[in-house]
J.: 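Have a look at this one.
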There are 2 protein chains.
Amino acid sequence: MIETDIFKALADPTRRKVFEKLAGGSLNASALRDGMEISQPAMSQHLAVLRGAGLVREQRQGRFVNYEVDPDGIASIGTWLARYRAYWPKRIEALADLLKDMDQ
Amino acid sequence: MIETDIFKALADPTRRKVFEKLAGGSLNASALRDGMEISQPAMSQHLAVLRGAGLVREQRQGRFVNYEVDPDGIASIGTWLARYRAYWPKRIEALADLLKDMDQ
DNA sequence: TCGACACATAAGCACGTGCTTATGTGTTGC
DNA sequence: GCAACACATAAGCACGTGCTTATGTGTCGA
């Protein structure tokens, strides 16, 4: 199940931090490590998990590999979340309408 | 981190199925087990995880414990997801701005 | 009060996860 | 070509997770 991969990937705080960094713009693996006390293999493994979940996609550029947010992953969460629209508080009802629209 | 608990809870397919059942209306632990080849302790443990994540809340009724979706949990995912609005499809983003204005 | 019921908790076990160190693969510049 | 670099992969290990069986806790009806 793709949803399982997505939620598993996001269940790790380090991976969520990496994902949030990428949301600010595409970065290569080394740049992602900056200020993040994490080894190179660990980062590589985390990126592989995020990529496998469809949350991130990569692009080779010379000897660097550039990572960026994959909108499809975000959209998957949105469609999943849209199923529980009935339980959303009024305050973010507008957002729920939005996600419902994405679902079609 | 509460987000960690939420995503961890939803990373399990059985728990997502339970959550979806509850989205259709509140049920007690035994009713949740119907048609779900799962032991009583396993269900109890899954419900404890969902409850700990704030996705579900309980209510004692006699010797039954009624479970229901907790809107706060859903809202948490919504607000997290909202941070990545920039990566939603263009068409959706425009509508999001519109709805945001309407909401104020 | 006592047995049946609904559910929670404890302990043990198989398997998964995230880290480490070590090494492999592909690219760049000299 | 070859050394340096950027990243991936492999293997091993500590710890977490989800199941099981066994037992505890609270409630109900007779």
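Chain naming here is simple, since letters A, B, ... match the order of the sequence lines and numbering starts at 1 in each.
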J.: Does a side-chain N or O of His46(B) approach OP1 or OP2 of dT17(D) to a distance below 4.0 Å, or not?
T.: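 Looking at the OP1 and OP2 atoms of dT17(D), neither is under 4.0 Å from any side-chain N or O of His46(B).
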J.: Hey, what do you get for NZ (Lys17(A)) to CD1 (Ile38(A)), rounding to the nearest 0.5 Å?
T.: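 Result: 9.5 Å between the selected atoms.
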J.: According to a strict under-4.0 Å criterion, is Tyr67(A) in side-chain N/O contact with OP1 or OP2 of dA8(D)?
T.: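 For dA8(D), OP1 or OP2 has a side-chain N or O of Tyr67(A) closer than 4.0 Å.
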J.: Hey, which of these two, Ala48(A) or Phe64(A), hits DNA chain D nearer its 5' end, going by closest nucleotide?
T.: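 Here Phe64(A) is the residue nearer the 5' end.
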J.: Any idea which of dG18(D), dC7(C), dT20(C) is nearest the Asp12(B) side chain?
T.: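 Nucleotide nearest to Asp12(B)'s side chain: dG18(D).
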J.: Under 4.5 Å between side-chain heavy atoms, hopping through other hydrophobics if needed: is there a path connecting Met43(A) to Val65(A)?
T.: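 Yes: a chain of side-chain contacts under 4.5 Å links Met43(A) to Val65(A).
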J.: Quick one: is Arg33(B) getting a side-chain N or O under 4.0 Å of the dA6(C) phosphate, OP1 or OP2?
T.: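 Answer no for this pair, as no side-chain N or O of Arg33(B) is under 4.0 Å from OP1 or OP2.
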J.: Would you indicate whether the side-chain heavy atoms of Asp12(A) and His46(A) approach each other to under 4.5 Å?
T.: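 Of all side-chain heavy-atom pairs linking Asp12(A) with His46(A), at least one is under 4.5 Å.
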J.: Between C1' on dT17(D) and CG on Leu50(B), what's the gap in Å once rounded to a whole number?
T.: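 Whole-Å distance recorded here is 14 Å.
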J.: What does the B/S/- profile of nucleotides 22-30 of chain C look like, 5' to 3', with a 4.0 Å heavy-atom cutoff to protein?
T.: B----BS--
J.: Has Asn28(B) got a side-chain N or O lying under 4.0 Å from the OP1 or OP2 atom of dC7(C)?
T.: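 For dC7(C), OP1 or OP2 has a side-chain N or O of Asn28(B) closer than 4.0 Å.
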J.: Starting at CD of Glu37(B) and ending at C1' of dC19(D), how long is that distance when rounded to a whole Å?
T.: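 From Glu37(B) CD to dC19(D) C1': 14 Å.
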J.: Rounded to whole angstrom units, what separation is found between the CD atom of Glu58(B) and the P atom of dT27(D)?
T.: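 It is 13 Å, rounded to the nearest whole Å.
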J.: Measure CG/Asn66(B) against P/dC7(C) and give the value in whole Å, please.
T.: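 Asn66(B) atom CG is separated from dC7(C) atom P by 9 Å.
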J.: Nearest 0.5 Å please: distance from the CG atom of Leu81(A) over to the CH2 atom of Trp80(B).
T.: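 That separation rounds to 10.5 Å.
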J.: Using only heavy-atom distances, determine whether the side chains of Arg16(B) and Thr4(A) contain a donor-acceptor pair under 3.5 Å.
T.: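 Distance-only check passes for Arg16(B) and Thr4(A).
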J.: Among the nucleotides dA6(C), dA8(D), dT9(C), which one has an atom lying closest to any side-chain atom of Gln45(B)?
T.: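 Of dA6(C), dA8(D), dT9(C), dT9(C) is nearest to the side chain of Gln45(B).
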J.: Once you round it to whole Å, what is the distance between P of dT17(D) and CZ of Arg15(B)?
T.: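 To the nearest whole Å, that distance equals 9 Å.
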J.: Is the phosphate of dT20(C), meaning OP1 or OP2, less than 4.0 Å from a side-chain N or O of Ser39(A)?
T.: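 Yes, because at least one side-chain N or O of Ser39(A) sits under 4.0 Å from OP1 or OP2 of dT20(C).
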J.: Linking I/L/V/M/F/W/Y whenever any side-chain heavy atoms sit under 4.5 Å apart, do Phe64(A) and Leu47(A) land together?
T.: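 No, Phe64(A) and Leu47(A) fall in different hydrophobic clusters.
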J.: Heavy-atom nearest nucleotide on DNA chain C for Met43(A) versus Leu47(B): which residue maps closer to 5'?
T.: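 Closest to the 5' end, via its nearest nucleotide, is Leu47(B).
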J.: Expressed in angstrom and rounded to an integer, what is the separation of Arg16(B) atom CZ from dG18(D) atom C1'?
T.: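 Rounding to the nearest Å, CZ of Arg16(B) and C1' of dG18(D) are 15 Å apart.
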J.: Round to the nearest Å and state the distance from Lys8(B) atom NZ to dC15(D) atom P.
T.: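 In whole Å, dC15(D) P lies 15 Å from Lys8(B) NZ.
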J.: Heavy atoms under 4.0 Å, any strand shown: does Arg51(B) hit a base, just sugar-phosphate, or nothing?
T.: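 The answer is nothing, as Arg51(B) stays clear of every strand by at least 4.0 Å.
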J.: Side-chain heavy atoms under 4.5 angstrom apart, residues restricted to Ile, Leu, Val, Met, Phe, Trp, Tyr: same cluster for Ile77(B) and Tyr87(A)?
T.: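 The answer is yes; both residues are in one hydrophobic cluster.
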